[in-house]
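The model shown is predicted, which means the values in this text are computed figures rather than measured ones.
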Amino acid sequence: MDIVMAHDRPNTPREAVEIQETLRGLVDLEDRCPQEIVTVTGLDVAYDEGSGLIAAAAVTLETSGFRVVEKRAVVSEVSFPYEPGLFAFRELPPLLEALCALDLTPDLLVCDGHGLAHPRRFGLACHIGVVTGLPSIGVGKTRFIGEHDEPGAERGSRAPLLDDGEVVGTVLRTRDGVKPVYVSVGHKISLDNACRQVLRLCPEFRQPETTRHADRLARDALKEAL
């Protein structure tokens with residue numbers, strides 16, 4: 001994949017916020033993804049705070065049968081400080097490097113994190129979608145912002161995630177009686193379609209298969225580097 005960074009790396013949190021506020025206007029909330037999504041790339045990172053290393057993983061699966069098509073991992077030094085709401089600037093550089101190493105361009109990116117469900121409506125899933133031009137969604141294990149009612153206990157039950165009266169995501173139950181996940185749009189996909197894709201990617205477990213594979217690869221790559 002050929003990817004060109006759309007901006008310089010910020011030197012300060014203030015510069016990072018300015019980048020988010022500038023780029024968020026480019027987020028597309030309509031379905032611009034392929035009608036039939038055949039390949040999906042999961043993105044995740046692992047940190048070792050002691051060494052200052054971060055491992056980023058990109059794993060592409062077929063949506064039919066979840067066969068691994070290809071996978072790449074990159075280990076580098078963390079290049080941006082810990083700042084809530086600015087995690088993308090720590091994670092984006094190695095994730096883009098891992099994506100660039102892929103031979104095939106996927107139909108959809110699935111991030112372990114958030115998209116619109118972000119204080120400035122520009123979380124990691126939005127950022128990486130805008131920079132790559134690819135459809136993307138965020139699937140968070142925990143709530144970052146907003147309030148919601150509890151969805152029903154059955155798989156597929158959902159409740160809107162609201163922040164200041166605005167729907168920024170969906171609280172989605174992917175397994176009966178198991179804690180829900182937080183789905184939000186990243187880029188070029190609607191929220192309803194994002195939820196459909198997440199359910200499709202969660203045939204057995206709470207987290208999407210893409211996230212499970214990427215998490216494992218990132219952890220293994222970090223362990224090998226230490």
Task: Gln20-Arg120 side chain donor-acceptor pair, cut-off 3.5 Å - done: yes
Open item on the list: Check for me whether the distance between the ring centres of Phe80 and Phe87 falls short of 6.0 Å.
Closed with: no
Task: SB check Arg158 Asp192 (cutoff 4.0 Å) - done: yes
Task: Flag side-chain contact, heavy atom, 4.5 Å: Ser79 against Phe89 - done: no
- [ ] Indicate, with yes or no, if Leu172 and Val139 share a hydrophobic cluster defined by side-chain heavy-atom contacts under 4.5 Å among Ile, Leu, Val, Met, Phe, Trp and Tyr.
- [x] yes
Open item on the list: As a quick check of understanding, evaluate side chain to side chain contact (heavy atoms under 4.5 Å, CB included) for Val167 and Leu161, giving each step before the final call.
Closed with: CA-CA 6 Å; Val167 176; Leu161 179 64; over 6 Å; no
TODO: Could you tell me whether Glu150 atom CD has more than 12 heavy atoms of other residues or ligands within 6.0 Å of it?
DONE: yes
Task: Arg121 and Glu166: CA distance, side-chain angles, deciding distance, salt bridge (charged side-chain N to carboxylate O under 4.0 Å, His left out) verdict - done: CA-CA 11 Å; Arg121 308 297 186 260; Glu166 179 184 355; 3.1 Å; yes
Open item on the list: Grouping I, L, V, M, F, W and Y whenever their side-chain heavy atoms are under 4.5 Å apart, do Leu134 and Leu96 come out in a common cluster?
Closed with: yes
Open item on the list: Walk me through whether Leu102 and Thr60 qualify under side chain to side chain contact (heavy atoms under 4.5 Å, CB included).
Closed with: CA-CA 9 Å; Leu102 295 175; Thr60 302; 3.8 Å; yes
- [ ] Establish whether Leu191 and Val40 are linked, either directly or via other cluster members, by ILVMFWY side-chain heavy-atom contacts under 4.5 Å.
- [x] yes
TODO: Verify side chain to side chain contact (heavy atoms under 4.5 Å, CB included) between Leu162 and Val168, making sure each step is shown before the conclusion.
DONE: CA-CA 6 Å; Leu162 301 171; Val168 295; over 6 Å; no
Task: Atom CZ of Arg143 with >12 non-hydrogen neighbours under 6.0 angstrom - done: yes
Open item on the list: Under the rule for side-chain contact (heavy atoms from CB on, under 4.5 Å), what residues qualify as partners of Arg32, not counting sequence neighbours?
Closed with: Asp28, Glu30, Lys188
TODO: Determine the sole option in Arg90, His114, Glu91 for which the side-chain contact (heavy atoms from CB on, under 4.5 Å) test with Leu124 is passed.
DONE: Glu91
Open item on the list: In terms of relative ring orientation, are His127 and Phe122 parallel, tilted or perpendicular, with 30° and 60° separating the classes?
Closed with: tilted
Open item on the list: With heavy-atom distances below 4.5 Å as the criterion, would you say the side chains of Leu99 and Thr132 are in contact?
Closed with: yes
Task: SB check Asp215 Arg219 (cutoff 4.0 Å) - done: yes
Open item on the list: I'd like to know if the side chain of Arg206 reaches the main chain of Lys141, judged simply by a donor and an acceptor atom lying under 3.5 Å from each other, with no hydrogens or angles considered.
Closed with: yes
Open item on the list: For Arg67, I'd like to know if atom CZ has over 12 heavy atoms of other residues, nucleotides or ligands within 6.0 Å.
Closed with: yes
Task: For Ala125, side-chain contact (heavy atoms from CB on, under 4.5 Å) partners two or more places apart - done: Cys111
- [ ] Only counting residues at least two apart or in another chain, list the ones meeting side-chain contact (heavy atoms from CB on, under 4.5 Å) with Ala221.
- [x] Ala55, Ala73, Val75
